[in-house]
Participant: 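Take this structure first; my questions come after.
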There are 2 protein chains.
Amino acid sequence: MAKLDFSPIADTTRRAEIVALLRRAILTGQLEPGQKLNELRISEQMRVSRAPLREAMRELVQEGILTSIPYAGTFVIDVTAKDIIDAYSLNKVLDEFAIELAWPQRDPRFFDELDRRHEAVKQATRALDTTRQIETALQLHGLIYEWADNSVLLETWQRLTSRLQMYFALHQRARNEPVPAEDVHETYVALLKGADMRAAQRHAREHIDLDFEELLAYARGLEKRASKN
Amino acid sequence: MAKLDFSPIADTTRRAEIVALLRRAILTGQLEPGQKLNELRISEQMRVSRAPLREAMRELVQEGILTSIPYAGTFVIDVTAKDIIDAYSLNKVLDEFAIELAWPQRDPRFFDELDRRHEAVKQATRALDTTRQIETALQLHGLIYEWADNSVLLETWQRLTSRLQMYFALHQRARNEPVPAEDVHETYVALLKGADMRAAQRHAREHIDLDFEELLAYARGLEKRASKN
DNA sequence: GACAAGCAGATTGTCGACAATCTAACAAGA
DNA sequence: TCTTGTTAGATTGTCGACAATCTGCTTGTC
């Protein structure tokens, strides 16, 4: 038998496609925090009945980016400064762990993939495609999790990623500036290729802290706005 | 106005009740790993239509204790030795983080609750109620997460707890022995009341390692059985 | 006997309609 | 004017039926 690794057949259920559509809409900020999702309206727009839509929404609730109140509705989660702080502080801990696990697993394929994803970030940056820049940066970041060979950790990271992506997207939208042209991942990639694991872990923390500051400023703005209502 | 804090009204949707029923059945081992959930059969047993049942199953899939294959069915997750190792190694990292966050938050209410939950474990142990013993032990363990004041961390822990509870239940079922009468939490509780945070973190790791060894033996048995099929 | 095509039964995915519940506007009474 | 009761409309929750898909068996062919 020829040694071929086929990619899995795509899930072709409406539900899966709806999940993808909704997730994208939320993570890019098209659906704003706190906004209510009207089932009838959305199902009509998507040309789909409410059953698969509701199942899709249930998944996203469990994924943590929607929240549901019985007989009242399903809403995009609200984002507070504390949420962002919480997500980031957990992210630091997980990063450190992921690097530790992934470190001995690094192989040529790892380094190839590292370069590939880094290149994708740079390309998105050059193209001034903000959304894609966030996506690719998180994918670059996620590589250590994929290589850590710990399924529960990977799942946890993926859940966290949803939120981080949402936070970044909101931040970018709010400040409404052109994309930062700087490449902040150069050092990170170099350290992951190097021999000093502790240094890589340390940098991951500091690297995160950088973007964190910007996000926090945005979050504080959110809180002020909320307290006025 | 009188200063009363009312507890929120219970979610009274069929869906929520189905989720609770199914989760309990899975976490106590009544539904075995790998087993298929027939929608029609279950919906008839519960006197409920398939719509809320399917939504409930979607939630549990996202919670990580069910797995779904389009047009094939929804199954209780399979448990492998690696899954257990992965869950536990992540748990260690999270524990350390949770203790660090919760430490400065400890107050009289914390210590009261600590004793209350510890007492619940001892009571379940005396009553030889295995299921309840697992539940209460995990609730005792979860206290540091509730006090850590980090919503994302708490969510993550709760997801992990589902699996841990399932693993323990399977383990207990498999060995089919009377419950261990020993109280292994005495030291843990004492350390959480003490002044040495590092010691508490260290003990949490070792304490976990203990039960881990037993679980692993069970998991290895599972793997052997699987390889024969 | 081996193998592929095709059919029947069972199961999952989706739909449209109905029931239960919430919200907001309005009316009635103190 | 403020509070309380009522009601209409909109929205979510649930149901039963139908469509799409899978699985295992049968049948026919070599």
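All chains are named by letter (A, B, ...) in the order of the sequence lines, taking the proteins before the strands, and each is independently numbered beginning at 1.
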Participant: Is A:Glu44 paired with A:Arg50 through a side-chain N to carboxylate O contact shorter than 4.0 Å?
Facilitator: no

Participant: With a 4.0 Å limit, can you tell me whether B:Arg14 has a side-chain N or O closer than that to the phosphate oxygens OP1/OP2 of C:dA20?
Facilitator: no

Participant: Side-chain N or O of B:Ser49 versus OP1/OP2 of D:dC15: is the shortest distance under 4.0 Å?
Facilitator: yes

Participant: Below 4.0 angstrom from OP1 or OP2 of C:dG13, is there any side-chain N or O of B:Arg54?
Facilitator: yes

Participant: Output the rounded distance in Å from CE (B:Met46) to C1' (D:dG13).
Facilitator: 17 Å

Participant: Any salt bridge linking A:Arg54 with A:Glu39? Criterion: basic side-chain nitrogen under 4.0 Å from a carboxylate oxygen.
Facilitator: yes

Participant: Which part of the nucleic acid, if any, lies within contact of A:Ile18, taking any heavy atom under 4.0 Å across all strands shown: a base, the sugar-phosphate backbone alone, or nothing?
Facilitator: nothing

Participant: May I ask you to verify if any side-chain N or O of B:Arg47 is less than 4.0 angstrom from the OP1 or OP2 atom of D:dC15?
Facilitator: no

Participant: In whole angstrom, what separates A:Arg50's CZ from D:dC15's C1'?
Facilitator: 12 Å

Participant: Identify whether the distance between the nearest side-chain nitrogen and carboxylate oxygen of A:Glu146 and A:Arg117 falls below 4.0 Å.
Facilitator: yes

Participant: Does a salt bridge link A:Arg24 with A:Glu135, judged by any charged N lying under 4.0 Å from a carboxylate O?
Facilitator: yes

Participant: In this structure, how many angstroms lie between the C1' atom of C:dT11 and the CZ atom of B:Arg41, rounded?
Facilitator: 13 Å

